[in-house]
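Below is one structure, written out as structure tokens; the observations come after it.
Fair warning: this is a prediction, and the values are worked out from it, not measured in the lab.
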Amino acid sequence: MHIMEGFLPSPWWQIWWILALPCLIYGFYKLRKILAENREYLPLLGVAGGFIFVLSSLKLPSVTGSCSHPTGTALSAISFGPWVTSVIGAIVLLFQALFLAHGGITTLGANAMSMAIVGPFVGYWVYKGLYKLNVNFFVNVFIAAFLCDLVTYCVTSFELAIAFPAAAGGFVASFCAFLGIYAVTQVPLAIIEGLVFVLIFKYIIILKPELFLKLHVYSEEKMKELQGEIEE
């Protein structure tokens, strides 16, 4: 998914930078506010960032100029919200561009918009909506993680298609072509990522439930209900 350095022409890489920057600035504000309230969140922030870094570094060949991999953003999006996730994701993308040649600096705005901003936002809001509808915990986390992953690739397809419209069919033909190629490899990866995050949330609820209570991910009543379901 990471669009490599120099692949996006002007003015598209500049436009994605301009769109991503306000999100990252507000995300820094939210991150500082959370840490000012409680420094105990740091370990979970580190774990969330670690998941994004490791999972999004697992590259599989997909299409010229990009690749497929899990995104790992669901833990951060559900626990800390999409604004904070935008910062964590952008930091991960920056390190991957500098030290792994995965992505790039000029394309960082576009990569951040797809993996660190839009994907987590969609996953988070779907999670919140399903939570209010009292959808089963495991199903809800699975769907949120699945969407965090798959939406990232839909946005990347859009970014590539709008920069490289097809000679015949223009943007729509190019978007369908990129999306079709990505979907072949990404849907199974998104399903696996959803299942992985169900297990991760399950074990955090068993071993460190106080983290989710402090972050208001779940109410105390809901946490007791989830722990009862897991014990059954």
Can you check side-chain contact (heavy atoms from CB on, under 4.5 Å) on Leu55 and Phe197, steps first, answer last? CA-CA 12 Å; Leu55 292 180; Phe197 276 101; 4.1 Å; yes

Short side-chain to backbone donor-acceptor contact, Gln96 and Gly103, under 3.5 Å: no

Can you list every side chain to side chain donor-acceptor pair (under 3.5 Å) pair that touches residues 135-145, not counting sequence neighbours? none

Run the numbers on Phe201 and Ile78 for side-chain contact (heavy atoms from CB on, under 4.5 Å), then give the verdict. CA-CA 10 Å; Phe201 273 79; Ile78 294 174; 3.7 Å; yes

To check you understand the geometry: which heavy-atom pair defines the closest contact between Cys148 and Pro120, and what is its length? SG-CA, 3.8 Å

Going by ring-ring contact (aromatic ring centres under 6.0 Å, His included), name the residues that satisfy it together with Phe53, two or more places apart in sequence or in a different chain. none

Are the side chain of Trp12 and the backbone N or O of Glu159 linked by a donor-acceptor pair below 3.5 Å? no

Within the 3.5 Å criterion, strictly below it, is a donor on Glu5 or Thr107 matched to an acceptor on the partner's side chain? no

Is it true that a side-chain atom of Ser79 and a backbone atom of Ser76 form a donor plus acceptor pair closer than 3.5 Å? no

Who passes side-chain contact (heavy atoms from CB on, under 4.5 Å) against Ile192, sequence neighbours left out? Val196

Is it true that a side-chain atom of Tyr153 and a backbone atom of His69 form a donor plus acceptor pair closer than 3.5 Å? yes

Does any part of the side chain of Leu179, heavy atoms only, come nearer than 4.5 Å to the side chain of Cys154, both counted from C-beta? yes

Short side-chain to backbone donor-acceptor contact, Ser174 and Phe164, under 3.5 Å: yes

Please test Ile91 against Ile52 for side-chain contact (heavy atoms from CB on, under 4.5 Å), starting from the C-alpha separation and ending with a verdict. CA-CA 10 Å; Ile91 292 172; Ile52 297 174; over 6 Å; no

Taking all heavy atoms of Gly27 and all of Val87, pick out the closest pair and write down the distance. C-CG2, 3.3 Å

Minimal heavy-atom distance between Gly119 and Val151, with the atoms involved, is CA-CG1, 4.0 Å

With sequence neighbours left out, the residues meeting side-chain contact (heavy atoms from CB on, under 4.5 Å) with Ile34 are Tyr41, Phe80, Val84

Donor-acceptor check, side chain of His102 to backbone of Ser56, threshold 3.5 angstrom: yes or no? yes

Nearest atoms (heavy-atom pairs only) where Ile88 meets Gly49: CG2-CA, 3.5 Å

Separation of Ile162 CD1 from Ser157 OG (nearest 0.5 Å): 12.5 Å

How would you list all residue pairs meeting side chain to side chain donor-acceptor pair (under 3.5 Å) that involve residues 108-117, not counting sequence neighbours? Ser114-Thr156

Sequence neighbours excluded, every pair satisfying salt bridge (Lys or Arg N to Asp or Glu O under 4.0 Å) that has a member inside residues 121-150: none

Under the side-chain contact (heavy atoms from CB on, under 4.5 Å) rule, what do Tyr203 and Lys208 come out as? Steps first, then yes or no, please. CA-CA 8 Å; Tyr203 284 108; Lys208 282 285 186 183; over 6 Å; no

How about Trp83 and Phe121: are their ring centres within less than 6.0 Å of each other? yes

Closest contact, heavy atoms only, Ala110 versus Ile3: CB-CD1, 4.4 Å

Mark yes when over 12 heavy atoms from residues, nucleotides or ligands other than Phe171 sit less than 6.0 Å from its CZ; otherwise mark no. yes

Residue pair Ile204 / Val47, side-chain heavy-atom distance below 4.5 Å: no

Counting only heavy atoms from other residues, nucleotides and ligands, does the tally under 6.0 Å from CZ of Phe138 exceed 12? yes

Non-hydrogen atoms of Ser57 and Leu100 that approach each other most closely: OG-CD1, 3.7 Å

So with a 6.0 Å cut-off around OH of Tyr131, is the heavy-atom count from everything else above 12? yes

Any non-hydrogen side-chain atom of Trp17 less than 4.5 Å from a side-chain atom of Leu108? yes

